[in-house]
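Everything quoted here is computed from the prediction, not taken from an experiment.
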Amino acid sequence: MTSEPAHEDLDRTEFVLPLDEEMLAYFREMADVLVERVGISRAEAVARINATYGAGESAAWGVGLMAHELPEFWAYGTYYSPDHRDRLPIGDPTADADIDFSKLPVRPAPPKASPFWTLEE
């Protein structure tokens, strides 16, 4: 996988940053994690991902690096804030075993009027 795909290979669907086919599938997996494990709507999941990773600074280092971690690793950080020990879940059942998801602080969703909401609820 290259971190800078050819322009014609980019898919500009629900996500605000251009993604090649492989990274589009990865970002959709992150949205699936938020929908299935956190219980938010797909529209909110995509908006949170867009707000976090679609801003210029986060995309500048290359989304290709993200695929070296489970989608949960990145998805949980769009929804939760770190716990009292400064930890976030990472998607590994062993590493996450002692994290009480019900007590993790929840980050606010991006404002509905923002360009990050690309899907209707």
Side-chain angles (χ1 to χ4, degrees):
M1 169 177 41
T2 63
S3 60
E4 303 239 349
H7 181 71
E8 62 274 4
D9 294 335
L10 300 179
D11 192 337
R12 300 174 191 268
T13 59
E14 67 267 41
F15 299 102
V16 297
L17 69 161
L19 300 168
D20 64 20
E21 187 177 315
E22 185 177 3
M23 286 311 296
L24 176 61
Y26 187 84
F27 272 53
R28 286 180 172 159
E29 284 183 51
M30 289 193 310
D32 291 344
V33 167
L34 294 171
V35 170
E36 295 165 10
R37 298 192 187 165
V38 175
I40 61 176
S41 70
R42 184 154 200 91
E44 182 180 340
V46 168
R48 285 175 176 275
I49 292 166
N50 281 335
T52 303
Y53 302 112
E57 186 177 315
S58 1
W61 49 264
V63 295
L65 294 174
M66 295 174 78
H68 294 285
E69 298 289 349
L70 294 170
E72 291 88 340
F73 181 89
W74 303 105
Y76 285 141
T78 69
Y79 187 78
Y80 295 114
S81 292
D83 67 10
H84 66 284
R85 292 184 283 178
D86 201 33
R87 297 179 319 141
L88 281 170
I90 62 169
D92 179 303
T94 303
D96 295 346
D98 65 339
I99 296 176
D100 184 348
F101 282 68
S102 69
K103 292 186 179 176
L104 286 173
V106 175
R107 296 179 188 276
K112 291 266 185 159
S114 76
F116 302 121
W117 287 83
T118 58
L119 300 176
E120 297 202 19
E121 286 201 276

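When atom types are taken as modelled, the side chain of Asp96 and the backbone of Ile99 share no donor-acceptor pair closer than 3.5 angstrom. Although no hydrogens or angles enter the test, the distance criterion places a donor-acceptor pair under 3.5 Å between the side chain of Asn50 and the main chain of Val16. Put simply, the side chain of Ser114 gets close to the backbone of Pro111: a donor and an acceptor are under 3.5 Å apart. Checked by atom type and distance alone, the side chain of Tyr53 pairs as donor or acceptor with a backbone atom of Trp74 at under 3.5 Å. In this structure, the side chain of Arg48 engages the main chain of Thr78 through a donor-acceptor pair within 3.5 Å.
Between Ala45 and Leu34, the shortest heavy-atom distance links the atoms CB-CB, 3.7 Å. In terms of heavy-atom proximity, Ala95 sits nearest to Ile90 at CB-CD1, 3.7 Å. A pairwise comparison of heavy atoms in Leu19 and Met23 identifies CD2-CB, 4.0 Å as the closest pair. Here the closest heavy-atom approach between residue Ala47 and residue Pro110 is recorded as O-CG, 3.5 Å.
Between Tyr79 and Leu104, every side-chain heavy-atom pair lies at or beyond the 4.5 Å cut-off. When side chains are defined from C-beta on, Pro82 does not count as touching Arg87, because their heavy atoms never get closer than 4.5 Å.
Annotation: the span from Arg28 atom CZ to Ile49 atom CD1 amounts to 11.0 Å, rounded to 0.5 Å.
Legend: residues meeting side-chain hydrogen bond (donor to acceptor under 3.5 Å, both in side chains) with Asp32, ordered by chain and number and at least two apart, are Arg42. Considering only residues two or more places apart in sequence or on other chains, Ser102 meets the side-chain hydrogen bond (donor to acceptor under 3.5 Å, both in side chains) condition with Asp100. Under the side-chain hydrogen bond (donor to acceptor under 3.5 Å, both in side chains) criterion, Arg37 pairs with Glu72, not counting sequence neighbours. Scored by the side-chain hydrogen bond (donor to acceptor under 3.5 Å, both in side chains) test, Thr118 finds no partners at all (sequence neighbours excluded). Annotation: salt bridge (Lys or Arg N to Asp or Glu O under 4.0 Å) contacts of Asp86 (sequence neighbours excluded): none.
Using a 4.5 Å cut-off between side-chain heavy atoms of Ile, Leu, Val, Met, Phe, Trp and Tyr, with links allowed through other members, Phe73 and Leu24 fall into the same hydrophobic cluster. Under the 4.5 Å side-chain heavy-atom criterion for ILVMFWY residues, a single connected hydrophobic cluster contains both Met30 and Leu119.
Sorted pairs that involve residues 102-121 and meet ring pair (Phe, Tyr, Trp, His ring centres under 6.0 Å), not counting sequence neighbours, are lacking altogether.
Results of the side-chain contact (heavy atoms from CB on, under 4.5 Å) test with Phe27 over Leu17, Thr13, Val46 single out Leu17 as the only residue that passes.
Within a 6.0 Å sphere centred on CD of Glu121, heavy atoms belonging to other residues, nucleotides or ligands number more than 12.
Ring to ring, Phe101 and Tyr80 are close: their centroids are under 6.0 angstrom apart.
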